[in-house]
Colleague: 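Before I ask anything, here is the structure I am working with.
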2 protein chains.
Amino acid sequence: MHTSLPGMALEHAILVSLEERSGSGYELARRFGKSIGFFWAASHQQIYRTLKRMVELGWISCDHVAQESRPDKKVYRVNADGRAELARWLAEPVEPGAIRNDLAVKIRGASAGDVGGVLDEIARHRRRHAERIEVYRAIERRDFGEPDRLTGRHLHQYLVLRGGIRVEQAFVDWCDEVLAAMRSDHDSRTTESDQR
Amino acid sequence: MHTSLPGMALEHAILVSLEERSGSGYELARRFGKSIGFFWAASHQQIYRTLKRMVELGWISCDHVAQESRPDKKVYRVNADGRAELARWLAEPVEPGAIRNDLAVKIRGASAGDVGGVLDEIARHRRRHAERIEVYRAIERRDFGEPDRLTGRHLHQYLVLRGGIRVEQAFVDWCDEVLAAMRSDHDSRTTESDQR
DNA sequence: AACATCATGTAAGATGTTACATGATTAT
DNA sequence: ATAATCATGTAACATCTTACATGATGTT
């Protein structure tokens with residue numbers, strides 16, 4: 001008998017996605033390229049491997065679907081054990097995940113290299129985060145026109161999107177603060193040292 | 001000859017930390033339990049393994065230091081190749097890291113389980129994030145009394161801390177938004193279904 | 001002819017987690 | 001006595017990344 005180990009996480013993201021709609025590994029990989037993938041990253045190799053394991057665990061079942069003018073596919077769906085596992089995990093306390101912020105390490109180390117280069121990198125990250133906000137805003141407009149009327153599943157999807165917007169906005173604001181402070185510091189230092 | 005592979009990351013966090021101050025694996029592990037560790041998580045096992053590799057790569061050197069009434073230690077310091085590698089990486093474009101937000105997955109899947117349990121979990125996360133802000137604020141008060149006067153290294157350390165505060169605040173605000181919206185949705189549903 | 005999409009995987013290597021292991025000193 | 005701090009590691013396992021691999025159909 002398989003016991004569910006703590007720390008499993010992609011499994012649960014897949015369970016959530018398959019609960020919303022059954023699909024093939026390929027379809028899941030596409031969802032993880034957007035939608036749920038904005039909040040839990042996973043490559044297709046990870047997904048195929050994990051689906052295999054989840055079938056062994058008895059959490060999901062697989063139907064072979066033949067298609068015309070397209071390769072056959074395996075459509076996965078959540079079964080009773082999978083739903084039970086998901087329900088168990090949902091209320092189980094999980095600590096906020098480990099933080100890995102490359103940009104923070106670069107800013108902290110900036111003095112050890114070319115500060116101008118780090119400033120460019122910060123500006124680039126600012127653009128990336130602003131782009132993500134654009135994407136989220138577009139989804140917000142398209143799928144959640146009247147947020148006040150949302151209930152259940154739709155409300156939850158909307159709230160997750162709101163989290164993405166909030167966190168990305170925090171990054172953008174942070175980049176702006178850092179750019180302003182580091183540029184004025186950098187400028188005052190370079191003008192000083194250039195006056196010889 | 002070793003080439004520096006992309007994607008290496010703990011190495012660079014260690015280089016930044018050792019540039020600020022040379023130290024032993026044990027001391028580094030402690031720094032990764034706070035300070036730089038707030039922005040790049042690493043366990044002592046990872047650190048010892050990585051230090052070994054970095055010596056092989058020629059990025060750092062190691063001095064054996066005998067101590068009285070304490071075990072001997074190995075003090076690592078960055079050498080020329082390490083400084084060059086750090087400078088190279090600092091300006092190299094790195095994409096914002098993969099996002100892994102357990103809580104977002106839980107919120108999105110809440111309908112598949114006990115919504116009340118998920119609400120408790122969100123409240124718990126809110127407390128964790130608020131606690132982190134407290135820690136950051138205490139460091140801010142203790143180490144960065146007059147932020148406007150900061151320059152160079154100190155300014156950079158301060159700005160990284162500001163990022164931590166901003167991101168954690170975004171999480172707290174998000175949790176509040178989610179709790180308010182989900183509670184009112186959950187309440188209206190349970191009162192309806194209880195009236196039979 | 002070349003490329004994109006649909007669809008599934010394997011294999012090797014890097015990285016991260018968990019448990020185990022040792023041994024001295026210092027504080028309760 | 002017991003636990004905490006200082007100090008360093010090994011071993012096994014789980015997970016993630018990168019590259020490789022196949023093959024059909026549809027598009028430029």
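Values below: every heavy atom of this structure, side chains too, minus hydrogens, waters and symmetry copies. Throughout, protein chains are lettered first and strands after them, A, B, ... in sequence-line order, and every chain is numbered starting at 1. A quick note: this is a predicted structure, and the numbers were derived from the prediction, not measured.
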Colleague: What is the distance, to the nearest angstrom, from the NZ atom on B:Lys73 to the P atom on C:dT25?
Modeller: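 Answer to the nearest Å: 17 Å.
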Colleague: Out of C:dG9, D:dG23, C:dT17, which has the shortest distance to the side chain of A:Gln45?
Modeller: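 My answer, after comparing the listed nucleotides, is C:dG9.
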Colleague: Please check the phosphate of C:dA7 (OP1 and OP2 only) for any side-chain N or O of A:Arg30 closer than 4.0 Å.
Modeller: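 No, outside the criterion.
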Colleague: Please determine, for the side chain of A:Lys74, which listed nucleotide (D:dC6, C:dT8, C:dA7) has the closest atom?
Modeller: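 Nearest to the side chain of A:Lys74 among the choices is C:dT8.
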Colleague: Are B:Arg166 and A:Glu177 close enough for a salt bridge, meaning some N to O gap below 4.0 Å?
Modeller: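 A salt bridge is present here (some side-chain N lies under 4.0 Å from a carboxylate O).
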Colleague: Does any N or O in the side chain of B:Arg31 come within less than 3.5 Å of the main-chain N or O of B:Gly37, such that one atom is a donor and the other an acceptor?
Modeller: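 Flag not set: sc B:Arg31 to bb B:Gly37 has no pair under 3.5 Å.
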Colleague: Any donor-acceptor pair under 3.5 Å between the side chain of B:Arg70 and the base of C:dG23?
Modeller: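 No, no donor-acceptor pair under 3.5 Å.
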Colleague: Quick one: A:Leu28 CG to C:dG9 C1', roughly how many Å, whole number?
Modeller: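 It is 15 Å, rounded to the nearest whole Å.
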Colleague: If you check every side-chain atom of A:His44, which of D:dA7, C:dT8, C:dG16 has the closest atom?
Modeller: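 Of the candidates, C:dT8 comes closest.
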Colleague: How close or far is atom P of D:dA12 from atom CZ of B:Arg49, stated in whole angstroms?
Modeller: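 Answer to the nearest Å: 14 Å.
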Colleague: Which is true for A:Gln67 with a 4.0 Å heavy-atom rule: it touches a base, it touches only sugar-phosphate, or it touches nothing?
Modeller: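 Here A:Gln67 touches the backbone only, sparing every base.
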Colleague: Measure from the side-chain heavy atoms of A:Ser69 and tell me the nearest of D:dG26, D:dT10, D:dA7.
Modeller: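 It is D:dG26.
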Colleague: Applying a 4.0 Å non-hydrogen cut-off, can you work out what A:Ser24 is touching in the nucleic acid: base, sugar-phosphate, or nothing?
Modeller: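 If one applies the 4.0 Å heavy-atom cut-off, A:Ser24 turns out to touch the sugar-phosphate alone, with no base involved.
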Colleague: Taking B:Lys73 for its side chain and B:Gly23 for its backbone only, find out whether a donor-acceptor pair lies under 3.5 Å.
Modeller: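 Side chain of B:Lys73 to backbone of B:Gly23, a donor-acceptor pair under 3.5 Å: no, none is there.
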Colleague: In whole angstroms, how far is the P atom of D:dA14 from the CD atom of B:Gln46?
Modeller: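 Taking atom P of D:dA14 as the reference, CD of B:Gln46 is at 17 Å.
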Colleague: Nearest whole Å is fine: how far is C:dA4 C1' from A:Tyr26 OH?
Modeller: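 Result: 9 Å.
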Colleague: Less than 4.0 Å between a side-chain N and a carboxylate O, is that true for B:Glu27 and B:Arg30?
Modeller: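 No, B:Arg30 and B:Glu27 are not salt-bridged.
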Colleague: Give the rounded distance in Å between these two atoms: CG of B:Asp72 and C1' of D:dG9.
Modeller: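 So the CG-C1' distance, B:Asp72 to D:dG9, works out to 15 Å.
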Colleague: Side chain of B:Arg53, heavy atoms from C-beta onward: which of C:dG16, D:dT17, C:dT15 has the nearest atom to it?
Modeller: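 That would be C:dT15.
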Colleague: What is the distance from NE2 of B:His64 to C1' of D:dA7, rounded to the nearest Å?
Modeller: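 After rounding, the reported distance stands at 13 Å.
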Colleague: B:Phe32 CZ to D:dT8 P: how many Å, rounded?
Modeller: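 That distance rounds to 15 Å.
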Colleague: Between B:Glu11 (side chain) and B:Thr50 (backbone), is there a donor-acceptor pair under 3.5 Å?
Modeller: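 No; judged by distance alone, with no hydrogens or angles, the pair does not exist.
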Colleague: Name the closest nucleotide to the B:Ser43 side chain, picking from D:dC6, C:dT18, C:dA7.
Modeller: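 Selected nucleotide: C:dT18.
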Colleague: Same cluster for A:Tyr158 and B:Leu103 if Ile/Leu/Val/Met/Phe/Trp/Tyr side chains link at under 4.5 Å?
Modeller: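 Same hydrophobic cluster.
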Colleague: So does A:Arg100 get a side-chain nitrogen or oxygen closer than 4.0 Å to the phosphate oxygens (OP1/OP2) of C:dG16?
Modeller: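 Answer is yes, contact under 4.0 Å.
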Colleague: Here's a test of your reading of the structure: between B:Gly25 and B:Ala98, which maps to the more 5' nucleotide of DNA chain D?
Modeller: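 Nearest nucleotide further toward 5': that of B:Gly25.
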Colleague: What's the closest nucleotide to the side chain of B:Tyr48 if the choices are C:dA7, D:dT8, D:dT18?
Modeller: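 Within the option list, the nearest is D:dT8.
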Colleague: Looking at the side chain of A:Pro71, which of D:dA7, C:dC6, D:dG9 is the nearest nucleotide?
Modeller: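 Minimum distance to the A:Pro71 side chain belongs to C:dC6.
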